[in-house]
**Q** 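Sharing a structure, written as structure tokens. Questions coming.
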Amino acid sequence: MSSTRRHIMLAATAVTGAMVLSACGGGTGAGQAAGGSGDGEKATSITLMAAEYSKDNTKAFWDAFAKEYKSKYGYTLNVNVVSWDNIDQQSSTMIQNNQPPDILNLNAYASYAKDGLLYDADAVLPSEVKSDILPTFVQYGTYDGKFYGFPDLSSARALFYNKTLFDKAGISAPPTTWAELEADAKKVKDATGDAGYAMPLGPEEAQGEFSMWLFNNGGDWKSDGSWSINSDKNVETLTFLKKLADEELTQSNPARTNRADAFDLFKSGKAGMVVGFSPLAAALDADKTVDYGVAPFPSNDGSESKTFGVTDYLMAFKKSGNQDAVKAFYELYYDKDQINAFIEKEGFLPVTTSGLEYFQKDDALKVYLDTLPNARLTPTDDPTWDKVKLAVQQNLGAAMTEDPKSVLDKLQQSAEAES
Amino acid sequence: MTTTDDVQAPSARTTPGGPRARRRTAGVGRVSAPVALLWLAPAIALIVGVVFYPAVMLFRASRSEYSITGLYQGSAGWDNYSKVLAYPDLPVVLKNTVVWVVAVVAITIVLSLALAQLLVKDFPGRRFVRWAVIVPWAASLVITSQLFVLLYDSNYGLINHVLTGLHLIDEPISFLGDDRFTMASMIVVGVFVSLPFTIFVFIAGLAAIPTDVMEAAEVDGASPWQRWRQITFPLLRPAMLIATVLNTIYVFNSFPIIYTLNDRNPGFTHDTLITFMYKLAFKSQEKDVGMSAATGVLNVAIILLVVLVYLKVVNWREETR
């Protein structure tokens, strides 16, 4: 019996511990809500829930930012840095308990705007900041005619290729069409036995990999305001991906490979090509084990390459009394010294016109910066996308073993059902 | 007053010479209800706080409608329950749960019986081996699972490296990506982390077997197998009962192993009810806290039912008397 009791005691201790921890987390929010609840009473402190881009830099940046914010405006900023694995869960819990953070850093915003939880740009974003943000990002940050999704940083994808493997396979230049990409992948596979092209269609970011391909075949997720997931172009694209996998030019099991796994494969020199972005380049430069090149991603017919861009958002929750503090937050964050320092440290790309100028100094970023103003994004301005994205992540990989058209048909149906 | 009587009843009953013992405990141990309540208050507060309150909140959440952001949208009645029960992947998830729980518990018990038998024998270094057995128990489940992800990896995993090195296989096996191997690979890890606790339950059970019974059987000429089958095994049944019930609950509720090892696989092909519940709230396209809470309530009901049926079947009142 003593073992039973010990078991129960252990469980009880663990649960109590968890309760205490969550109580601490909740306490901050409750304190603020109380502080800003009275009409006309101004909040003196606000909470930021930020996503962790890197262990070394994210927390350090926001802590320094909070100090500057305090000394410049007198408000206190409570910084809460959360890993990407947990941030959805934590923010959702806080909203359920009616204690959202004042500022939330996430990769989606439209559902929050739809639920009426957010301030729009007119309320909290200084007008000179709004005019500085690149028009593409304003466009994708606008829901129902109002700008809610303020971008914190961006990334753009490009084709990374392993020069050593390309030399062994006798390839002199990176591919510019899909046919060339297929032929090069085959040469790499035949010459070295390594994966020609690392294709991550696992649940982590299947929508990202597929976006890169479909934009370069003239397809899109939505066209003219309605879903076009199962368009002929997209079926052709997914069929091509399946063909690459069937010919065993990719790593084994692309449907079960996450982006991080594909990057690991490329970093260990076991993949000829992969779709990468600037943080991957930074990691490769630090390791110095792989001699790699970066090129625009090839299009199906050889026309000009389109890049897939990603941006994350800093959104502001409507809570009484916090408007001035939130406005001051954005004024400081979009200050050139702050935002560019953050983006540079994290190894991402700018979201402002002034940032584009600032980063011109870095030659390695040129391939991305040139394409950034015309980058194509996933339809983040549509709240339905927040659900479609999850459906794509969980189901797209099935096309590697099933019929690509029927997989896309199902996704199209669920998108239309949600709209 | 009746409550204190009830609490004392079992202990009084087990003491020989019941009436006398009861009078003694009544005189020394009996306290008035307010005083008893005072002493019990911390425990009651803990139970209310960590068991009762979350259970009520879970039930409330299961009857509420939430937006994808987590915003409360109003009451949902029993909609969440009917949506979960009509979910197309539910049969697969249920099947996985049964396979997972039955396989892990059964294999764990069989292996633990053998290993416990070994570990009660006196041999040089026994202390060291016993300590080593505890390690998988002491290590965090997430860390253990992550280690197995590395071991199983098809590109650089140690297991594939050894198997190809020995020429047992030509191509690396994708233990976690190939549907034929995924569940089996997860069960191996499940057994690995359940063994220590179960072994120690059986060691305690074996130590409690009086040696004179064994000696008598030996004198009567019983073979080792007869001794084990006729004496050890029956006397181990209380330990077996505890090991089975606790392992069933523990394995059923096991989240980190399946979540970590099954991380790269899309859909619900290898999920059990526990990871299904998590994915409904945070990963699936529904992303619905209400449906997830409804699954949570169903999970509690299922595990309670399973344990009650099991106890009924083995007639636990007889066993624990």
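Bear in mind the structure is a predicted one, so any value in this text is a computation, not a measurement. The sequence lines fix the lettering, A, B, ..., with proteins before strands; numbering per chain opens at 1.
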**Q** Can you tell me how far the CZ atom of B:Phe282 sits from the OG atom of A:Ser92, to the nearest 0.5 Å?
**A** 5.0 Å
**Q** Is it the backbone or the side chain of A:Asn253 that comes under 4.5 Å from a heavy atom of chain B, or both, or neither?
**A** side chain
**Q** Considering residues, nucleotides and ligands other than B:Phe52, do more than 12 of their heavy atoms fall under 6.0 Å from its CZ?
**A** no
**Q** Supply the atom-to-atom distance B:Leu71 CG to A:Ile95 CD1, rounded to the nearest 0.5 angstrom.
**A** 7.5 Å
**Q** Considering residues, nucleotides and ligands other than B:Asp170, do more than 12 of their heavy atoms fall under 6.0 Å from its CG?
**A** no
**Q** Given that the side chain runs from C-beta out, which part of A:Leu265 has a heavy atom under 4.5 Å from chain B: side chain, backbone, both or neither?
**A** both
**Q** For B:Tyr156, is it the side chain, the backbone, both or neither that has a heavy atom under 4.5 Å from a heavy atom of chain A?
**A** side chain
**Q** Output the option from A:Asp88, A:Thr93, A:Asp261 having the highest count of non-hydrogen pairs under 4.5 Å with chain B.
**A** A:Asp261
**Q** Tell me, side chain or backbone of A:Ser252 under 4.5 Å from chain B's heavy atoms, or both, or neither?
**A** side chain
**Q** Is it the backbone or the side chain of B:Asp153 that comes under 4.5 Å from a heavy atom of chain A, or both, or neither?
**A** neither
**Q** Assess whether atom CD of A:Glu248 is packed by more than 12 heavy atoms of other residues, nucleotides or ligands within 6.0 Å.
**A** no
**Q** Spell out, as yes or no, whether a donor-acceptor pair under 3.5 Å connects the side chain of B:Gln285 to the backbone of A:Ala391.
**A** no
**Q** About how many Å separate OG of A:Ser414 and CD of B:Glu286, when rounded to the nearest 0.5 Å?
**A** 9.0 Å
**Q** Are A:Asp386 and B:Lys287 side-chain neighbours, meaning at least one heavy-atom pair lies under 4.5 Å?
**A** no
**Q** How many angstroms lie between atom OH of B:Tyr278 and atom CD of A:Gln89, to the nearest 0.5 angstrom?
**A** 4.0 Å
**Q** Please classify the contact of B:Tyr72 with chain A as side chain, backbone, both or neither, using a heavy-atom distance under 4.5 Å.
**A** neither
**Q** Of the non-hydrogen atoms in A:Gln394 and B:Lys283, which two are nearest, and what is the gap between them?
**A** NE2-O, 3.8 Å
**Q** Apply the side chain to side chain contact (heavy atoms under 4.5 Å, CB included) test between B:Ile68 and each candidate in A:Lys387, A:Glu418, A:Lys114; give the one that qualifies.
**A** A:Lys387
**Q** Between B:Pro266 and A:Ala255, what is the shortest heavy-atom contact and its length?
**A** CD-O, 3.6 Å
**Q** Would a 4.5 Å heavy-atom cut-off, applied to side chains only, mark A:Gln96 and B:Val289 as touching?
**A** yes
**Q** Mind checking the OG-CG spacing from B:Ser284 to A:Asn395? Nearest 0.5 Å is all I need.
**A** 10.0 Å
**Q** Check step by step if salt bridge (charged side-chain N to carboxylate O under 4.0 Å, His left out) holds for A:Arg256 and B:Asp179.
**A** CA-CA 10 Å; A:Arg256 277 80 194 283; B:Asp179 286 334; 3.1 Å; yes
**Q** When heavy-atom pairs shorter than 4.5 Å are enumerated against chain B, which of A:Asp264, A:Asn97, A:Asn258 gives the highest number?
**A** A:Asn258
